[in-house]
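Notes to accompany the following structure.
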Amino acid sequence: MFIDVIQTMTDGLMIGGLYATVAVGITLVFGIMGILNFAHGQMVMLGAYVAFFFVTAGYGFWLGLAFAMLAMALLGLVMERAVFRFILTDHMGGLTVSLGIILIIENLAAAYFTPDHRNFDPPLKGGVELLGMQFSAQRLLVLALVLVLVTAFYLFLQKTRLGKAIRAMGQNRTGAALVGVQVGQVTAIVFALGSAMAGAAGALYGSLFAITPYMASGPLMKGFILTVLGGLGSVPGAVIAGFLLGIAESFGSRYLSASFRDGYGFILLIAALLLFPRGLFGFSGKEKV
Amino acid sequence: MKTGAWTNKAAAIAAATLTYAAATTTMAIADQTVRIGMVNSLTGPHSGFDLPASEGTLMAFHEINKKGGITVNGEKVTFEIVSEDAQSKPDVAVNAAQKILQNDDIRIVYGIMTSGPGMAAATLFSRSEVLYIGGFTLLDTLLGKPGGELMIRTLNSDAAVAQSFVPQSVKVLGVKKIGIILPNEDVSRSIVETYKPLLEKAGVEVPIVEYFQPSTTDFAPVLRKFQNQGLDGLFVGTNDAVVEAIVRQTTELGGLPKKFMYRGGSGAPGLKYKDQIEGFVWQILTRDLEFGDDPKVQEWKKAYTAFTGKEISPNTYWGLVYYDTVFMMAKAMEQVGSTDDVEAIAKAMKSMTYEGVRTMRFSEEGRARSDIDIGTLLNGKISSVRASAE
């Protein structure tokens, strides 16, 4: 029983890490910059396809992961310059525009990639046995990569000049502009970074699960749940909420019913918001990140 | 890949145009053109089933038109297709069905392979005087009931398929104790009701049945329930994406059976992991296009590739869902001497046996009684056997 609980907990951490990667991107773009981009899930999907094409072309997973991040960063930059910079903090505008972008990306993807599901070979195959417990080797790798990515990202926000500018803008856009932050440039960079995280999430997701043009809604829905659950604008909050959601889903599916998997996330969200109306790491003041 | 993607797009966007063109090539010499309705999920997640199915239907009508059509009461008749996209959504399927039904001259409708949009559209068809020929599983629940008199399902019911599939799978895999893992859908409950007693009758113990949320991609927690339970097989379903994920994650987690019985889909999920699993048996509800050597099938494959410009893929066999039925319908029209007496056409279809690429016949209620192929992967070797309809 003890071993089973530990295995289930680890399964939850692994899937939670993936959710956290998506949520960090959404936290940046929506939570910090206030841009409502529902097409973030499509970035995850496109990132998965980029990795798929790289791996199947023989360039390997690592190059696929790097290019998925790069390609999505570029796409994010283009989208921000072409569309989103005109509707900053206008949530209705963001919603409308991103719904249109979803339709365009999803239908183009279905037309050119076909609706068939695809998989690519992960760098690690099969399972590993640790202390009498059985785990998927690739899932362990994904968990390690997620931890590296979100830690690096957090340090970037905390320790670098650009990170400080992003945080300043998250707290007060006008104030940041008054002290010399180039808000237009920083917004574009944030959008590119958030999109790069979506690309990374897609590549990692694709190394574990099937890729289809219609896969975006799940990661997107969970990403937004986590952004709220963690506390709007809080990167550590989004990461911890991601792990909590993964664990809740894992334990719920294992010991209650797997038919209700997504429901556990909503129960967690409702319970957390009743106890912490600003999210787990939401502060009553204006400080974020 | 690029060619496939392009043709896929073309089929999705302009399926109707394609057949219209096919129809008009012979219209000049035809005395009458009969319009046939077609509703399919040409886009969306179910298009993996419906797109090849619609292509097979178009191909059959194209072949009939190319030969100059059929002769009904001495008149040459060709066909024109009016196609609507159900987009894999029940509400859109209803709209698509309504659009088709607005055309008073359309009396026969083909299409829809999946139960969500299928039931929505079929409910509408059941209230209309049209002959509806569909493929989705839950259509079985409408057949033989009021409103279902003019409905035909072109794929065998689970009850019919299971009769041959269960003994064949148990024999090939040599399983004694298996678990069942299926998505939490209405159709899964009926699958369990059908297959579990037959498995037990075949001497197989079934101690665990688990349902998972249909959109699940991470199966680790639910698969843990099957771990180290002394099982030697898993009964899985109901589509390739789900089953491939289950097979893959089973090989990664360890402590799980390496033999699978697959209800639905293709052999692709098992074949991809053939070096990591011991056995995989799957249903081929039409014909084995990949490993079979039936000359009729080989000929059909060539014709399909020429017609669509696509290579054969694991899902192409859905292209045979309606193909033979189109020829049956045409033959029935010739027999009864009418293109719009749908009651007589349905009756004639139900009373004939058609030796096409598949051997097709229907019960009085409209249930298919066709032979099927069963695919087998055992210790890395792939083969298929044909199972009789009886």
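Within the 4.5 Å cutoff, the side chain of B:R224 has heavy atoms near those of the A:D11 side chain.
Panel note: side chain A:R261, backbone B:D218; a donor-acceptor pair is recorded below 3.5 Å. A:K125 places no side-chain N or O within donor-acceptor distance of the main-chain N or O of B:T251, the cut-off being under 3.5 Å. For A:S259 (side chain) and B:Y211 (main-chain N/O), a donor-acceptor pair under 3.5 Å exists by modelled atom type.
For A:Y214, the part lying under 4.5 angstrom from a heavy atom of chain B is the side chain only. Residue A:E129 does not touch chain B at all, counting heavy-atom pairs closer than 4.5 Å. Of the atoms belonging to A:L256, it is backbone heavy atoms, and not side-chain ones, that fall under 4.5 Å from chain B. Neither the backbone nor the side chain of A:T212 comes within contact range of chain B; no heavy atom of the residue lies under 4.5 Å from a heavy atom of that chain. Both the backbone and the side chain of B:A220 come within less than 4.5 Å of a heavy atom of chain A.
Using modelled atom types and a 3.5 Å distance limit, the side chains of B:T217 and A:Y205 yield a donor-acceptor pair.
The environment of CZ in A:F120 is crowded: more than 12 heavy-atom neighbours from other residues, nucleotides or ligands sit within 6.0 Å. More than 12 heavy-atom neighbours from other residues, nucleotides or ligands sit within 6.0 angstrom of CG on B:D91. Within a 6.0 Å radius of NZ in B:K274, other residues, nucleotides and ligands contribute 12 heavy atoms or fewer. The neighbour count for B:K301 NZ, taken as heavy atoms of other residues, nucleotides or ligands under 6.0 Å away, is above 12.
Residue A:F209 holds its CZ atom at 13.0 Å from CD of B:E244, rounded to the nearest 0.5 Å. Here the straight-line distance linking atom CE of A:M215 with atom OG of B:S215 works out to 13.0 Å at 0.5 Å rounding. The structure places CG of A:N119 at 4.5 Å from OH of B:Y273, a figure rounded to the nearest 0.5 Å. Rounding to the nearest 0.5 Å places NZ of B:K225 at 10.5 Å from CG of A:D4. Taking NE2 from A:H117 and CG from B:N239, the interatomic distance works out to 8.0 Å, rounded to the nearest 0.5 Å.
Within residues 226-234 of chain B, the residues having any heavy atom under 4.5 Å from a heavy atom of chain A are, by residue number, B:Q227, B:N228.
Chain A forms the most heavy-atom pairs under 4.5 Å with one residue out of B:E210, B:Q249, B:Q276, and that residue is B:Q249. The residue among B:A245, B:S88, B:G255, B:G48 with the most heavy atom pairs within less than 4.5 Å of chain A is B:G255. Of the listed residues (A:P213, A:G12, A:G126, A:A210), the greatest number of heavy-atom pairs within a distance under 4.5 Å of chain B belongs to A:G126.
B:F291 pairs by the side chain to side chain contact (heavy atoms under 4.5 Å, CB included) definition with B:L271, B:W282, B:D288, B:I382, not counting sequence neighbours.
Among residues at least two apart or in separate chains, side-chain hydrogen bond (donor to acceptor under 3.5 Å, both in side chains) pairs with a member in residues 37-65 of chain A are A:Q42-A:E106. For residues 252-264 of chain B, the pairs satisfying side-chain hydrogen bond (donor to acceptor under 3.5 Å, both in side chains) are A:S136-B:E252, B:T137-B:R263, B:D158-B:R263, B:D240-B:Y262, B:R248-B:E252, with sequence neighbours left out.
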